[in-house]
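Just below is one structure, and these are the notes that go with it.
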Amino acid sequence: MTPSSRILVVGGGSVGMYAALRLQRRLRRELKQGRVGITIADLDSYMTYQPFLPEAAAGNLEPRHVVVSLRRVLPRCRILGGRICDIDLAGKSARFAPMEGPERVLDYDYLIFCPGSITKTLPIPGLAEYGIGFKTVEEATHLRNHILGKLDTAASTDDPEVRARALTFVFVGGGYAGVEALAELEDMTADACRYFHGISRDSMRWVLVEASDHILPEVGPELGTWTTDELRRRGIDVRLDTRVKAIEHDVVVLDDGESIPCETLVWTAGVTANPLVRHLPTGDRGRVATSAELLVDGTDFAFAAGDCAAVPDLTRPGEYCPPNAQHAVRQSRRLADNLIATMRGRRRTPYRHKNVGSVASLGLHKGVANVYGLQVRGFPAWFMHRTYHLTRMPTFNRKARILMDWTLALFFKREVVALGALARPREEFEFASRSQEETANARR
């Protein structure tokens, strides 16, 4: 039986998962009776809680504990693994490409558009070939293995040039992602280097490159300046008003003329709306133009929220809600309620939320926070960061596992094993097959 109301959710991130979860709860009877159907289309069948990616990369959290299975928390929804390639608002349909098999068309009556954002790159020579992103749990896990692998490389060579390149780490972007990732990983290697012969904290070089004259604009200029000074006290080279000009093999060239030999460049210089937005009306910064009720402009059946949506900020007339987790979670709930109101012919409610502030971690027991105008730094800010994000993490299961990770860390040291083979799982099998073939040929 075809449901009378078909809801298509494009994207299984924070907005998609929370909106579907609320719809699943409030439309329980309709879903059970088959009068409503909810379909979620995303390449991944899990939601990643991105604020915890730096801790996952640093080994404070198990990477699997910062993701939530959509199939587990949304049993009454249909989860499709693949990409939405095209959206037809006029025809109320979307072209879907599954992981395998032919493309097909998904018809809908109501649309929730929330594919999120992608890493914003620039036409810098060598960036695509040598850069490492930091937006997914896969990238965070790879970066951890990569950096620990470089410590292995440096501890296993007597060549000073090879050693210097391996122990130099360049991060581009002074926002949340760049600063937190660098600070957490520098803190991790400071602990790990004691297990690597001949490597100390002073032998490693960490560089943060930021194009503007300040970092962490989200926490305000005063805390941003304090964070810069704090990072520099830890020996981190913070380069403000500096840009990457080119990335050559094992060399990062800056626009001030300096060339930094290194084998690790992490690109965290902002995000941009998912390319799918080109199929919908766009507004501020190329994001989907929406009303305060989260309706896509010109429609009464399509909703959008999160990183890809330009949602008017009613608490700051003329401005738009920033693309952060704080707004995404709250917008998803309002979106779900407004969709149900539309289905039932009721009045929709505008989204309104005043930003409560920002928190950032700078490594174990270190952080900054600006909450309701109160500026906090050091251990209290770090504790606020962990507490806030633990409460925001979906499901009791994940909250308990994260709390268990932190509790165990009080009694045991961090793991410093680099599982580099995860990126090349068949390499050992191919080597075994090749070597045995060569042995057999030599005996003939």
Side-chain angles (χ1 to χ4, degrees), residues 14 48-61 66 117 119 133-135 137 139-140 143-144 169 171-190 206-240 266-271 307 321-329 355-393 402 406 409:
S14 295
T48 302
Y49 190 73
Q50 293 186 350
F52 277 147
L53 286 184
E55 290 212 50
N60 297 329
L61 293 176
V66 303
S117 58
T119 300
F134 194 79
K135 199 173 188 305
V137 68
E139 288 175 329
L143 183 58
R144 168 183 168 78
F169 311 101
F171 284 66
V172 182
Y176 271 132
V179 172
E180 288 192 317
L182 182 149
E184 290 282 359
L185 287 164
E186 190 277 336
D187 196 58
M188 176 197 74
T189 56
W206 295 81
V207 184
L208 177 63
V209 179
E210 168 55 40
S212 68
D213 61 355
H214 59 281
I215 64 173
L216 285 184
E218 300 88 351
V219 299
E222 186 175 336
L223 284 180
T225 300
W226 182 87
T227 302
T228 301
D229 294 338
E230 173 65 19
L231 294 178
R232 285 172 173 164
R233 277 194 293 269
R234 289 165 57 175
I236 298 171
D237 184 3
V238 181
R239 304 288 188 93
L240 303 178
V266 184
W267 185 266
T268 61
V271 297
D307 291 358
C321 297
N324 57 34
Q326 183 179 150
H327 281 288
V329 173
N355 196 7
V356 300
S358 302
V359 290
S361 171
L362 302 178
L364 199 60
H365 303 155
K366 298 175 283 288
V368 289
N370 188 339
V371 181
Y372 294 117
L374 176 65
Q375 297 186 353
V376 185
R377 41 186 92 159
F379 179 86
W382 171 82
F383 185 78
M384 291 171 65
H385 173 272
R386 280 198 165 183
T387 303
Y388 172 76
H389 285 300
L390 180 64
T391 62
R392 298 294 95 190
M393 186 69 195
I402 287 172
W406 287 339

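Rounding to the nearest 0.5 angstrom, the gap separating the SG atom in C321 from the CD atom in Q326 is 10.0 Å. Summarising the geometry, atom CZ belonging to R233 is positioned 10.5 Å from atom OG1 belonging to T228; distances are rounded to the nearest 0.5 Å. Rounding to the nearest 0.5 Å gives a distance of 8.5 Å between CD of E230 and CD1 of I236.
Of all the heavy atoms in V359 and A369, the pair that sits closest is CG1-CB, 3.5 Å. Nearest approach of E210 to H214, heavy atoms of both residues: CG-O, 3.4 Å. In plain terms, the two heavy atoms of L390 and F52 that are nearest each other are N-CZ, 3.9 Å. For the residue pair L216 and A360, the shortest heavy atom distance occurs at CD1-CB, 4.4 Å. Closest of all the heavy-atom pairs between E184 and L364 is OE1-N, 4.4 Å. Of all heavy-atom pairs spanning V137 and L53, the tightest one is CA-CD2, 3.7 Å.
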Take V371 and V376 through the side-chain contact (heavy atoms from CB on, under 4.5 Å) test and state the conclusion after the steps. CA-CA 8 Å; V371 181; V376 185; over 6 Å; no
Apply side-chain contact (heavy atoms from CB on, under 4.5 Å) to residues L182 and F169 and explain how you reach the verdict. CA-CA 9 Å; L182 182 149; F169 311 101; over 6 Å; no
Trace of the side-chain contact (heavy atoms from CB on, under 4.5 Å) decision for I215 with L231: CA-CA 11 Å; I215 64 173; L231 294 178; 4.0 Å; yes
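Using bins of under 30°, 30° to 60° and over 60° for the plane-to-plane angle, the ring pair W382/H365 lands in the perpendicular bin.
When the shell of 6.0 Å around CZ of F383 is examined, it contains 12 or fewer heavy atoms from other residues, nucleotides or ligands.
Side chain of N370 to main chain of V219: a donor-acceptor pair is present (N/O by atom type, distance under 3.5 Å, no hydrogens or angles). With hydrogens and angles ignored, the 3.5 Å screen pairs no side-chain donor or acceptor of D229 with any backbone N or O of R232. Distance alone, capped at 3.5 Å, is enough to place a donor-acceptor pair between the T268 side chain and the V172 backbone. For the pair T387 (side chain) and M384 (backbone), a donor-acceptor distance under 3.5 Å is absent.
In this structure the side chain of Y176 reaches within 4.5 angstrom of the side chain of S358, judged on heavy atoms. Looking only at side-chain heavy atoms (C-beta outward), L362 and R234 come within less than 4.5 Å of each other. Between R386 and N60, some side-chain heavy-atom pair lies under the 4.5 Å cut-off. The shortest distance between side-chain heavy atoms of E180 and H385 falls below 4.5 Å.
Every pair passing salt bridge (charged side-chain N to carboxylate O under 4.0 Å, His left out) that includes a residue from residues 362-385 is listed here, sequence neighbours excluded: D187-K366, E222-R377.
Scanning for ring pair (Phe, Tyr, Trp, His ring centres under 6.0 Å) contacts around F134 gives an empty result, with sequence neighbours left out. Every residue meeting the side chain to side chain contact (heavy atoms under 4.5 Å, CB included) condition with E139, not counting sequence neighbours, appears here in chain and number order: K135, T136.
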